[in-house]
Visitor: 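Have a look at this one.
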Amino acid sequence: MTSADKENSIDFIREIVERDIREGKHGGRVHTRFPPEPNGYLHIGHAKAFCIDFGIAEEYGGLYNLRFDDTNPVKEDVEYVESIMRDIKWLGFDWEDRLYYASDYFDKMYNYAEQLIEKGAAYICDLSADEVREYRGTLTEPGRNSPWRNRSVEDNLDLFRRMKACEFPDGTRTLRAKIDMASPNMNMRDPAIYRILKKSHHRTGNRWCIYPMYDYAHCLEDSIEGITHSCCSIEFEDHRPLYDWFLDQLDIFHPQQIEFARLNLTYTIMSKRKLAMLVENGLVSGWDDPRMPTLSGLRRRGYTPEAIRDFIGRIGVAKRDSTVDMALLEYCIRDNLNRKAPRFMAVLDPLKIIIENYPPGKCEELEFINNPEDESAGSRMVQFSRELYIERDDFQEEPHRKFKRLAPGREVRLRYAYLITCVDVVKDENGNVKELICTYDPETRGGSTPDGRKVKGTIHWVSSEHAVPAEVRLYDRLFTVEIPLASDNFIGTINDKSLKVLNHCRIEPSATDLVIGEPVQIERKGYFCKDPDSTEKRLIFNRTISLRDTWKKILKNQK
RNA sequence: UGGGGCGUCGUCAAAUGGUUAAGACACAGGGUUUUGGUCCCUGCAUUGGGGGUUCGAAUCCUCCCGCCCCAGCCA
């Protein structure tokens, strides 16, 4: 999408924001927030959310906060706080000094709760969790009032203070909002506001044994921070009446909650719980396995922040359920890397060739262009010698009728080097091709043909004595079906070929100096980056994404 | 079968009652090319269904159909 297109069509949230600015709501102020619970790693679905939250604030000259919604110490940990901050920064956002925690507001929230009690809008309920469930009714039947619903304000206040003082065991009492047990909206049937949880919190330690529930806490957090537009995902739509109810009861600053559809992507899953299952069962190597849709996984895989941001911009914002084609994400990373990744030569599956008319011991330096898309990237010199490796599948003994590369008696170009002709095929005792004997045309140095003759194929190569060994990890989509969760057994749809390790690769020597994570294009093969598992002695590369492969398509369409 | 939300190309997604329903990805075909990459060109939907209002409907009304969410002391 071009910038002109973006200007012509904005999404429904930006429409709301623009209208509010125009009408002077909140004095024209825009202030958003991204409120993750620190209970796991961020994935690309979260990236959509914070790109919306933060992007809108940036675009309209507003501010954005990062706020950890840490109201449930049972599930949360500092480990996640750190990874979440790292991932958001990686995507290029800076919340400056506006880093907040819901737990910073526990005192305020407690005081607001006493206010609710005082005005008769909340009560202490002694029902057990099971009993509450029975009293709640069902989707089609109204609930019944709790027998504790009409306690006096004094009793409620006393009990609430004693809850806070840790006088009661976990689960014995809750503070509940007094709304309407017959509401067709289940969220309004006297929802819990505080529960007793004698659990140490990663920030407040043992100071609290009662913790606020999401619905109560979240609107207060937004209100306290002066958030103007509180964007969240669509499943919270029928929590909005509750969000509004608390703020109205307390008569405090009232942000607007706006809901949008979550991101789904084909060939992967976005459920935190199910991703955790993959990690726990060793189906992937960890949260940052390059096949994971987590931001740490995408980063290790070689995805760039620009590509992910571009992707988020392209998918748009709406309310309907949707599943974006993984091919769009793949397009975005190819598009970004094509423009910025320097090119390298590497042979993934080596086949030795000997240039029989090239003098033994001779070595030439040939000029290679670093990036044809970027003249400023310049060029480099690469060594050529008598013994080379080419890609095994760039040779066919009995060539397919559309095959343009090397075959017996056929001439091809070695990229930026010489035209060569295959004159003999050497096989091992099993009849497998072991090496190729070729001749070169000395007149074609650099790959040009003074006589103007054309060759159909250009293949890549490395010099056997100069190239360095490397391990290459080829990644593919994690699942074999578009919507894994549509299957009753999504584990069964895992792609067992999603990781292929190649141990005998050879790459041109300058690749040794590459920084971990820095993207390169291996010509004709794809985009790669050095994996953190690499050591000085052992080079390991991850394939981020292959190049578009029309040859593969030709073969497929024939079948 | 209570309530809420949503149905426009294979996939996302514009269109705010008014010319041939944007664009992108995907797909198909062609051109250029020292990467079967990139780039360029071409093709590719009458809007879930039926009624209605209107000179005019994807947009308004109505009935029907389908999909998603809600019965945590999770978020």
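Convention: sequence-line order gives letters A, B, ...; per-chain numbering from 1. Predicted, not measured: the structure shown is a model, and the values here were computed from it.
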Visitor: Across the strands shown, which category fits A/A129 at heavy-atom distances under 4.0 angstrom: base, sugar-phosphate, nothing?
Guide: base

Visitor: Describe the nucleic acid contact of A/L328 in one word from base, sugar-phosphate, nothing, applying a heavy-atom distance below 4.0 Å.
Guide: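 It contacts sugar-phosphate atoms only.
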
Visitor: Is there a donor and acceptor pair closer than 3.5 Å between the side chain of A/N185 and the base of B/rG4?
Guide: no

Visitor: Going by atom types only, do A/E79 and A/Y41 share a side-chain donor-acceptor pair under 3.5 Å?
Guide: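 There is such a pair (donor and acceptor under 3.5 Å, judged by atom type) between the side chains of A/E79 and A/Y41.
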
Visitor: Considering every strand and a 4.0 Å limit on heavy-atom distances, what is the contact class for A/I483: base, sugar-phosphate, or nothing?
Guide: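 Result for A/I483 = nothing.
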
Visitor: Of all the choices, B/rG5, B/rU38, B/rC74, which nucleotide is nearest to the side chain of A/I234 once you look at every atom?
Guide: B/rG5

Visitor: Once you apply a heavy-atom cut-off of 4.0 Å, does A/E523 come out as touching a base, just sugar-phosphate, or nothing?
Guide: base

Visitor: Side-chain N or O of A/T550 less than 4.0 angstrom from OP1 or OP2 on B/rG37?
Guide: yes

Visitor: Counting only side-chain heavy atoms from C-beta out, which of B/rC6, B/rG72, B/rG36 sits nearest to A/R136?
Guide: B/rG72

Visitor: Which listed nucleotide (B/rG37, B/rC73, B/rC74) is nearest to the side chain of A/R548?
Guide: B/rG37

Visitor: A/W461 pairs by ring-ring contact (aromatic ring centres under 6.0 Å, His included) with which of A/Y416, A/Y440, A/F384, A/Y418?
Guide: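 The passing option is A/F384.
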
Visitor: Just the rounded figure in Å: distance from P of B/rG3 to CZ of A/R189.
Guide: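 The answer, rounded to whole Å, is 12 Å.
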
Visitor: To the nearest Å, give me how far apart OH (A/Y267) and P (B/rU11) are.
Guide: 13 Å

Visitor: Go through B/rC27, B/rA75, B/rC70 for me and flag the one nearest to the A/F236 side chain.
Guide: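 Comparing B/rC27, B/rA75, B/rC70 against the side chain of A/F236, the answer is B/rA75.
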
Visitor: Within the pair A/K272 and B/rC74, is there a side-chain N or O less than 4.0 Å away from OP1 or OP2?
Guide: no

Visitor: Base, sugar-phosphate or nothing for A/E141? Non-hydrogen atoms, less than 4.0 Å.
Guide: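 No contact.
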
Visitor: Pick base, sugar-phosphate or nothing for A/F403, based on heavy-atom distances below 4.0 Å to the nucleic acid.
Guide: base

Visitor: Can we say A/R203 and A/E76 salt-bridge, meaning some charged N sits less than 4.0 Å from an Asp/Glu carboxylate O?
Guide: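 No, no charged N to carboxylate O under 4.0 Å.
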
Visitor: Which listed nucleotide (B/rC74, B/rU35, B/rG36) is nearest to the side chain of A/Q521?
Guide: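 Among the listed nucleotides, the one closest to the side chain of A/Q521 is B/rU35.
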
Visitor: Where each residue is assigned the nucleotide of RNA chain B containing its nearest heavy atom, which of A/D69 and A/K525 is assigned the position nearer the 5′ end?
Guide: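 Result of the comparison: A/K525.
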
Visitor: Testing A/E306, A/E373, A/Q521 one by one against A/K340 for a side chain to side chain donor-acceptor pair (under 3.5 Å), which residue passes?
Guide: A/E306

Visitor: Suppose we call a contact any N or O donor and acceptor under 3.5 Å apart; does that hold for the side chain of A/R334 and the base of B/rU38?
Guide: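 Side chain to base: no pair present.
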
Visitor: Give a yes or no on whether a donor-acceptor pair under 3.5 Å exists between the nucleobase atoms of B/rG37, that is its base, and the side chain of A/E373.
Guide: yes

Visitor: What's A/P36 touching, base or sugar-phosphate or nothing? Going by heavy atoms closer than 4.0 Å.
Guide: nothing

Visitor: Decide yes or no for A/I333 and A/Y527: does some side-chain heavy atom of the first lie under 4.5 Å from some side-chain heavy atom of the second?
Guide: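 Not in contact.
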
Visitor: Using a cut-off of 4.0 Å on non-hydrogen atoms, how would the nucleic acid contact of A/K402 be classed: base, sugar-phosphate, or nothing?
Guide: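 Base: the residue A/K402, judged by heavy atoms under 4.0 Å, touches a nucleobase.
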
Visitor: How are the rings of A/Y214 and A/H218 set relative to one another: parallel (under 30°), tilted (30 to 60°) or perpendicular (over 60°)?
Guide: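 Tilted: the ring planes of A/Y214 and A/H218 meet at 30° to 60°.
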
Visitor: A/T140 side chain: which of B/rC70, B/rA13, B/rG2 is closest?
Guide: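 Ranking B/rC70, B/rA13, B/rG2 by closest atom to the A/T140 side chain puts B/rG2 first.
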
Visitor: I'd like to know if the side chain of A/R410 pairs up with that of A/T421 as donor and acceptor (distance under 3.5 Å, no hydrogens or angles considered).
Guide: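 Note: A/R410 and A/T421 side chains miss the donor-acceptor criterion.
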
Visitor: Look at the side-chain N and O atoms of A/R133 and state whether any lies under 4.0 Å from the OP1 or OP2 oxygen of B/rG72.
Guide: yes

Visitor: Nearest 0.5 angstrom please: A/R453 CZ to A/T444 OG1, how far?
Guide: 6.5 Å

Visitor: For the side chain of A/R524 and the base of B/rG36, is some donor closer than 3.5 Å to an acceptor across the two?
Guide: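 Donor-acceptor pair under 3.5 Å: no.
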
Visitor: When the ring planes of A/W208 and A/Y110 are compared, do they come out parallel, tilted or perpendicular, using 30° and 60° as the limits?
Guide: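 Geometry flag for A/Y110 against A/W208: tilted rings.
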
Visitor: Please enumerate all residues that pass side chain to side chain contact (heavy atoms under 4.5 Å, CB included) together with A/C125, with sequence neighbours excluded.
Guide: A/Y123, A/L127, A/S146, A/W148, A/T174, A/R176

Visitor: Classify A/R176 by what it touches in the nucleic acid, base, sugar-phosphate, or nothing, heavy-atom distance under 4.0 Å.
Guide: nothing

Visitor: Where the side chain of A/K319 is defined as all heavy atoms beyond and including C-beta, which of B/rA71, B/rG5, B/rA26 is the nearest nucleotide?
Guide: B/rG5

Visitor: From C-beta outward on A/P372, which listed nucleotide comes closest to its side chain: B/rU35, B/rC70, B/rG10?
Guide: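 The answer is B/rU35.
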
Visitor: Please determine if a side-chain N or O atom of A/R320 lies less than 4.0 Å away from the OP1 or OP2 oxygen of B/rG7.
Guide: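 Indeed, a polar side-chain atom of A/R320 lies that close.
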
Visitor: Take the protein atom CG of A/D238 and the nucleotide atom C1' of B/rG5, then report the distance between them rounded to whole Å.
Guide: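 About 8 Å, once rounded to whole Å.
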
Visitor: B/rC70 C1' sits how many Å from A/E259 CD, rounded?
Guide: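 Interatomic distance, CD of A/E259 to C1' of B/rC70: 13 Å.
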
Visitor: Any idea which of B/rG2, B/rG4, B/rA75 is nearest the A/M213 side chain?
Guide: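 Closest of the options to the side chain of A/M213: B/rA75.
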
Visitor: Does B/rA28 have its OP1 or OP2 closer than 4.0 Å to a side-chain nitrogen or oxygen of A/N557?
Guide: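 For A/N557, the contact criterion (side-chain N or O under 4.0 Å from OP1 or OP2 of B/rA28) is met.
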
Visitor: For RNA chain B, what string of dots and brackets results from 5' to 3' when Watson-Crick and G-U pairs need both distances under 3.5 Å, crossing pairs get [ ], and pairs with another strand get |?
Guide: .((((((..(((.....[....))).(((((.......)))))....(((((..]....))))))))))).....

Visitor: Quick one: NZ on A/K164 to CG on A/L175, what's the gap to the nearest 0.5 Å?
Guide: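 Going from the NZ atom of A/K164 to the CG atom of A/L175 covers 13.5 Å.
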
Visitor: Could you give the NE2-to-C1' distance, from A/H43 to B/rA75, as a whole number of Å?
Guide: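 Between C1' of B/rA75 and NE2 of A/H43: 12 Å.
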
Visitor: From the set B/rA71, B/rG10, B/rC39, return the single nucleotide nearest to any side-chain atom of A/M186.
Guide: B/rA71

Visitor: Evaluate whether the aromatic ring of A/Y214 and the six-membered ring of the B/rA75 base sit under 5.5 Å apart, centre to centre, with an inclination under 30°.
Guide: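 By the stated criterion, A/Y214 and B/rA75 do not stack.
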
Visitor: What is the distance from OH of A/Y216 to P of B/rC74, rounded to the nearest Å?
Guide: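 To the nearest whole Å, that distance equals 17 Å.
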
Visitor: Taking atom C1' in both B/rA14 and B/rA22, compute the distance separating them and give it to the nearest angstrom.
Guide: 6 Å

Visitor: So what does A/L139 touch, heavy atoms closer than 4.0 Å: a base, only the sugar-phosphate, or nothing?
Guide: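 Since a base atom lies under 4.0 Å of A/L139, the category is base.
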
Visitor: Between P on B/rC67 and CD on A/E237, what's the gap in Å once rounded to a whole number?
Guide: 19 Å

Visitor: So A/K553, base contact, sugar-phosphate only, or nothing? Heavy-atom distance under 4.0 Å.
Guide: sugar-phosphate

Visitor: Is B/rG17 in the syn range, within 90° of 0, or in the anti range?
Guide: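 Anti, since the glycosidic angle lies more than 90° from 0.
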
Visitor: Judged by each residue's nearest nucleotide on RNA chain B, which is more toward the 5′ side, A/I196 or A/D11?
Guide: A/D11

Visitor: Would you mind classifying the nucleic acid contact of A/T138 as base, sugar-phosphate or nothing, using non-hydrogen atoms under 4.0 angstrom?
Guide: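 The residue A/T138 makes base contact.
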
Visitor: Looking across every strand, which nucleic acid part, if any, lies under 4.0 Å from A/V74 by heavy atom: base, sugar-phosphate, or nothing?
Guide: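 Counting heavy atoms under 4.0 Å across all strands, no contact is made by A/V74.
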
Visitor: What's A/S448 touching, base or sugar-phosphate or nothing? Going by heavy atoms closer than 4.0 Å.
Guide: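 Contact class for A/S448: base.
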
Visitor: Write down the distance between CG (A/D244) and P (B/rG4), rounded to a whole number of angstrom.
Guide: 15 Å

Visitor: I want to check one thing: is the phosphate of B/rA75, taken as OP1 and OP2, less than 4.0 Å away from some side-chain N or O of A/R195?
Guide: yes

Visitor: Is there a side-chain contact between A/K525 and A/S546 in this structure, where contact means two heavy atoms from C-beta onward sitting under 4.5 Å apart?
Guide: no

